[in-house]
Structures are given as structure tokens and as C-alpha cells.
Amino acid sequence: MDFFDIVEKRRSIRSFKDKQIEKEKLDKILNAAYLAPSAGNLQARKILVITKPEEKKQLCEASLGQNCLKEAPVILVFFAIPKESEQKFGARGRELYAMQDATIACTFANLAATALGLASVWVGAFHEDSIIKALSAPVDCVPVAMLPIGYANEKPKERSRKNWEDIFVKEKFE
Ligand SMILES: Cc1cc2nc3c(=O)[nH]c(=O)nc-3n(C[C@H](O)[C@H](O)[C@H](O)COP(=O)(O)O)c2cc1C
């Protein structure tokens, strides 16, 4: 698949087969996240790889019971480290760049999973405190996204998007 096919193919999948991900595939996904850009190359992020059923159950409970978190063989949890980015960029680093450092890594992992024939869904609806507690995260780490990954057990819904002209603005806002 070339890059544009991957972009077309990527869809949110919320049901996974009871099948493990090959280690080589997981390593490629992690490497994609590892190589994602970051503000000032600070890489103000941590990425946890979750495979144990007990932790998955807790992540599911912390995420309004989203079952995809229990079903997926692997969950990547993306944390921002605002303090690291703040040291160089002040409030903008703390409030924005660290979040972006973490979420762009999630984006790269999301696309890499698709490229490898795997399915995933970005999960953002969760109680931060419960995730921190479940994973014993240090105080300076903020969970910003999770990515359950596995083999799809459902077909994606029909794609829905706003109109092109509602997204792209020529020159400047009127
Ligand atoms: C920041 C963000 C948070 C999201 N949170 C959730 C979530 O908690 N649960 C879920 O099922 N999907 C979640 N999604 C996936 C969106 O629902 C999905 O991307 C959107 O419906 C478009 O569908 P598509 O990804 O198949 O193109 C999230 C996506 C993003 C970017």
C-alpha cells in the first residue's frame, strides 16, 4: 500500500478478533511512533504497551466501558510530559506542544497499524485519573490518547465527513 492508500484505508475499528499481533508488526508500529516529530525534538511523551488482561479491564472501565479496550491484544497508551516541554517553551510547551508530541505519535502508530493490515481506533474518552491510577503513571505524565490495536472483527461504518468547502478555506477567513 502506498501512503495515500493507507490514508484511505484507515478507519476506526472497535471490535477485534481473538488473535495476537505478530511481534515484528508491533515493533514496526512502535518504531513509527518513536520516529514521529516533536516540538524542539524534545519528544515530551511516554508510550505504554499494554497486553495484560487485568490492565486492559481497568482501561476499559476508565473509558466508559469501551469494550474495544478489553478485546484488543495490544493497547498503546500515549502520555504527554508537559513539564519537559515547558522547560524550553514555557506555557505553550506545557499546554500545547507536549500534547501534540504525544498525539502525533499516536497518529503515526494509527497509520502504521493500517499499513500492516491491522485495525485500531483512537480512544480519547476516558477519566484521566483512573488511567493514571491503573498504570501507576508518574505525576508529570498526562494520558492523552489510547490506541487499541488488533485484527478487525467488523467492517467500518460508511465514512462521513463535512463538505470539503466547510473544512478548507481559501486565502483567509472572511
Ligand atoms: C481525539 C479523538 C478522540 C476519539 N475518541 C474516541 C473514543 O473515545 N471512542 C471511539 O470509539 N472513537 C474515538 N475516536 C474515533 C472517532 O470517533 C473517529 O475517528 C471518527 O468517528 C471518524 O471515523 P474514522 O476514524 O473511521 O474515519 C476519537 C478520535 C479522535 C481523533
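Both counts, for ligands and for their atoms, begin at 1 and track the order of listing. Residues: numbered from 1 along the sequence shown.
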Quiz item: Taking only heavy atoms of R11, which atoms of ligand 1 are found under 4.0 Å from at least one of them?
Solution: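 This gives 24 (P), 26 (O), 27 (O) as the contact atoms.
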Practice problem: For Q66, take its heavy atoms, then give the atoms of ligand 1 lying under 4.0 Å from any of them. | Solution: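 Near Q66, meaning under 4.0 Å from one of its heavy atoms, ligand 1 has 7 (C), 8 (O), 9 (N), 10 (C), 11 (O).
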Quiz item: Within a strict 4.5 Å, meaning less than it, do heavy atoms of the M99 and Y97 side chains meet?
Solution: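 Heavy-atom side-chain distance check fails, nothing below 4.5 Å.
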Exercise. Taking the side chain as every heavy atom from C-beta outward, state whether P148 and V74 have any pair of such atoms under 4.5 Å apart.
Key: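 Contact flag for P148/V74 side chains = no.
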Practice problem: Flag the pair E61 and K57 as a salt bridge only when some basic side-chain nitrogen lies within less than 4.0 angstrom of an acidic carboxylate oxygen. | Solution: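 Judged by the 4.0 Å cut-off on N to carboxylate O distance, E61 and K57 do form a salt bridge.
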Quiz item: Is a salt bridge present between D27 and K23, judged by a nitrogen-to-oxygen distance below 4.0 Å?
Solution: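 Counted as a salt bridge, because a side-chain N and a carboxylate O are separated by less than 4.0 Å.
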Practice problem: Verify side chain to side chain contact (heavy atoms under 4.5 Å, CB included) between T103 and W122, making sure each step is shown before the conclusion. | Solution: CA-CA 10 Å; T103 52; W122 184 306; 3.7 Å; yes
Exercise. Quick one: pull up CD in E54 and CG in L59 and give me the separation to the nearest 0.5 Å.
Key: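 Those atoms lie 10.0 Å apart.
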Quiz item: Looking only at distance, does V123 have an N or O less than 3.5 Å from an N or O of ligand 1?
Solution: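 Min N/O separation from ligand 1 is not below 3.5 Å for V123.
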Quiz item: Can an N or O of A125 be found at a distance shorter than 3.5 Å from an N or O of ligand 1?
Solution: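 In this structure, A125 places an N or O atom under 3.5 Å from an N or O of ligand 1.
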Quiz item: Any non-hydrogen atom of K157 lying under 4.0 Å from ligand 1?
Solution: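 K157 does not count as a contact of ligand 1 under the 4.0 Å cut-off.
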Nearest to [atom], what protein heavy atom do you find, and at what distance?
atom                    : result
atom 25 (O) of ligand 1 : S12 OG, 2.6 Å
atom 5 (N) of ligand 1  : G124 N, 3.0 Å
atom 22 (C) of ligand 1 : R161 NH1, 3.7 Å
atom 21 (O) of ligand 1 : R14 NH2, 4.2 Å
atom 1 (C) of ligand 1  : W122 NE1, 3.4 Å

Quiz item: K70 and K56: which non-hydrogen atoms are nearest, and at how many Å?
Solution: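 The answer is O-CD, 3.9 Å.
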Quiz item: How close do K157 and R11 get, heavy atom to heavy atom, and via which atoms?
Solution: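 Result for this residue pair: O-NH1, 2.8 Å.
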Quiz prompt | T103 and ligand 1 - part of the residue with a heavy-atom distance under 4.0 Å | solution =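 Contact part for T103 vs ligand 1: neither.
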